[in-house]
Amino acid sequence: MRNCLRLLALMVAVSAGYLAADRLFPLQAQTRGGPSFAAVTNDLGSLEATGPYEVVAGWPKDLSTTPGNEKWTFGAGQGVFAESPDRVYYIQRGSLPVIPPQGRGGGVPAPQVAPNLSFPVAGLWRNATGASPPGALFRPGTEQPGDDSDRGKNGVDFLWANCILVINRNGDIIENWTQWDKMLRRPHSVYISPYDPQKSVYIVDDYRHAIFKFTNDGKQLLKTIGTPNAHGSDATHFYRPTFMAFNTDGSWYVSDGYANTRVVKFDKNDNYVTAWGERGTGAGPNAKPETRPSYFNNVHGVGVDPATREVYVNDRGNRRIQVFDENGKFIRMWSMQPGTTGLDLHFVYLDGDRRVWVFDQVSQQLAQLDREGRLIYAWGGLGSWPGALFGVHGISVDQEQNLYLAAVGRGGVQKFRPRQGANPALLVGKNVYSAWK
């Protein structure tokens, strides 16, 4: 009898352990043969380099196919915003020379660099962010804007043109705002407020220390926020601002930025409201990260939860995300674990479904986190093949849930559409559209 009781207890324990373990996996991820975290249920034999998406080949059509740009292709892709599938704004740091294809397998020997070395590596001929202007922020020994001659010769090594493009669903460049090229120096991100029925276009330029607001067609500059070419840390000055995010009342935030270490809030009419953030100690690649709340080292991303109105801030230099209420009161934070490879987050982005997205420049992966920082899913890969991610710096989604990623490393912008049968929980959610569709 005692042996029977022991056997019964063992069976109960094993069953309880199996049920507990089985509950660790989401229901939609359970497949025959064991648990799976596939983006598409029962998608056998797939390594999912593009996750729940497939890349839209040939989108956009290369810049070199447009008249007058036959020798030029896309430069460092800084930002993208999808007003609709037929109107996608893309900004870049000028254009780069077309490199003729070299055929499969073969590389160009480079013994002057090192013995037994050839290019390309992983199909990559260049890092577009290193090849694209601008050069130094200031002229040597002054605080006058640099002339970018330290980056190369304009018209030979790069072409400072084609900085603001509008692309339709077929990949055609339907607008080129060339009239504003010379005003810009390092366009960093582009937005339309989802609460603005006029659909005005904001472009953050971190080297100009300013945000430029245009009419939707780009024909008129409505206002300049900040003081171009003059840096500071007050209501009318920025010092290398980076990204923006909009709250549900139309107010907005700018991460300010590479040099300043604060978040600045403006109301829906672009009037200054408040700012918060202090400079952290120990900045630098080998320094111990700052751990105190509301201290930053390189504020390189901001997002808003549309349900709670909480503000998520990418404290890039300290490898963490800090969360505040809408007026800057600290709520919580989490550290991003670098592992053995390091970590370098380009942005933090919240979609209309309140999903949190980051891109890691080291692993070259787009990752979804929950609102406490736990990893849900990640995908990506380094290379030149269609769909490869290299230095993704801008993210947007249209009303049909197509995903757009602009990349400073790879250069240009790519369009991804959801794969048939993709798990909707792993897709980047649509934007918030309340004032217009």
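- Between S384 and R410, the side chains place no donor N or O within less than 3.5 Å of an acceptor N or O (distance only, hydrogens not considered).
- At most 12 heavy atoms of other shown residues, nucleotides or ligands fall within 6.0 angstrom of atom CD in Q420.
- Using modelled atom types, no side-chain atom of T261 and backbone atom of G280 make a donor-acceptor pair closer than 3.5 Å.
- Across all non-hydrogen atoms, the minimal contact from K223 to N269 is NZ-O, 3.3 Å.
- A salt bridge links D270 to K213: at least one charged side-chain nitrogen sits closer than 4.0 Å to a carboxylate oxygen.
- The shortest non-hydrogen separation linking F330 to S294 is CB-OG, 4.0 Å.
- Between D157 and K153 there is no salt bridge, since none of the side-chain N atoms of the basic residue sits less than 4.0 Å from a carboxylate O of the acidic one.
- For the 3.5 Å distance criterion, the side chains of D249 and S251 qualify, holding a donor opposite an acceptor.
- Side-chain contact annotation: T215 with D217, donor-acceptor N/O pair under 3.5 Å present.
- There is no side-chain donor-acceptor pair under 3.5 Å between Y207 and D148.
- Residues N298 and Y258 have side chains that never bring a donor and an acceptor to within less than 3.5 angstrom of each other.
- Sparse packing is recorded around CG of N116, with 12 or fewer heavy atoms of other residues, nucleotides or ligands lying under 6.0 Å away.
- The residue from Y90, Y53, W59 that alone fulfils the ring pair (Phe, Tyr, Trp, His ring centres under 6.0 Å) condition with Y404 is W59.
- By the 4.5 Å heavy-atom criterion applied to side chains, N431 and V397 are not counted as neighbours.
- The closest side-chain donor-acceptor pair between W177 and E175 falls under 3.5 angstrom.
- At a threshold of 4.0 Å, the pair E310-R332 counts as salt-bridged, since one of the basic side-chain nitrogens sits closer than that to a carboxylate oxygen.
- Between the side chains of Q361 and H393, not a single donor N or O lies within less than 3.5 Å of an accepting N or O.
- Side-chain contact between H346 and H300: present, with at least one pair of heavy atoms (C-beta onward) separated by less than 4.5 Å.
- E278 and R262 are not joined by a salt bridge, as no carboxylate oxygen comes within less than 4.0 angstrom of a charged side-chain nitrogen.
- No donor-acceptor contact under 3.5 angstrom links the side chains of T227 and T236, judged on distance only.
- In summary, the side chains of R87 and N168 do not present any donor paired with an acceptor at a separation below 3.5 Å, with no hydrogens or angles considered.
- Under a 3.5 Å cut-off, the side chain of D205 and the backbone N or O of F212 do not form any donor-acceptor pair.
- A heavy-atom distance below 4.5 Å is not found between the side chains of I321 and D315.
- Judged by distance alone, with hydrogens and angles left aside, the side-chain atoms of D62 form no donor-acceptor pair with the main-chain N or O of T73 at under 3.5 Å.
- Remark: the backbone N or O of K61 is not paired with any side-chain donor or acceptor of T65 at under 3.5 angstrom.
- Under the 4.0 Å criterion applied to side-chain N and carboxylate O atoms, R419 and E54 are not assigned as salt-bridge partners.
- Among the candidates W252, Y191, F214, the single residue satisfying the ring pair (Phe, Tyr, Trp, His ring centres under 6.0 Å) test with Y202 is W252.
- Between W357 and R355, some side-chain heavy-atom pair lies under the 4.5 Å cut-off.
- Here the side chain of D181 pairs a donor or acceptor atom with the backbone of C163 at under 3.5 angstrom.
- The backbone N or O of E83 sits less than 3.5 Å from a side-chain atom of Q399, completing a donor-acceptor pair.
- With hydrogens and angles left out, the side-chain atoms of T129 and R93 include a donor and acceptor closer than 3.5 Å.
- Nearest heavy atoms, Q92 versus N162: NE2-O, 2.8 Å.
- Although no hydrogens or angles enter the test, the distance criterion places a donor-acceptor pair under 3.5 Å between the side chain of D351 and the main chain of R354.
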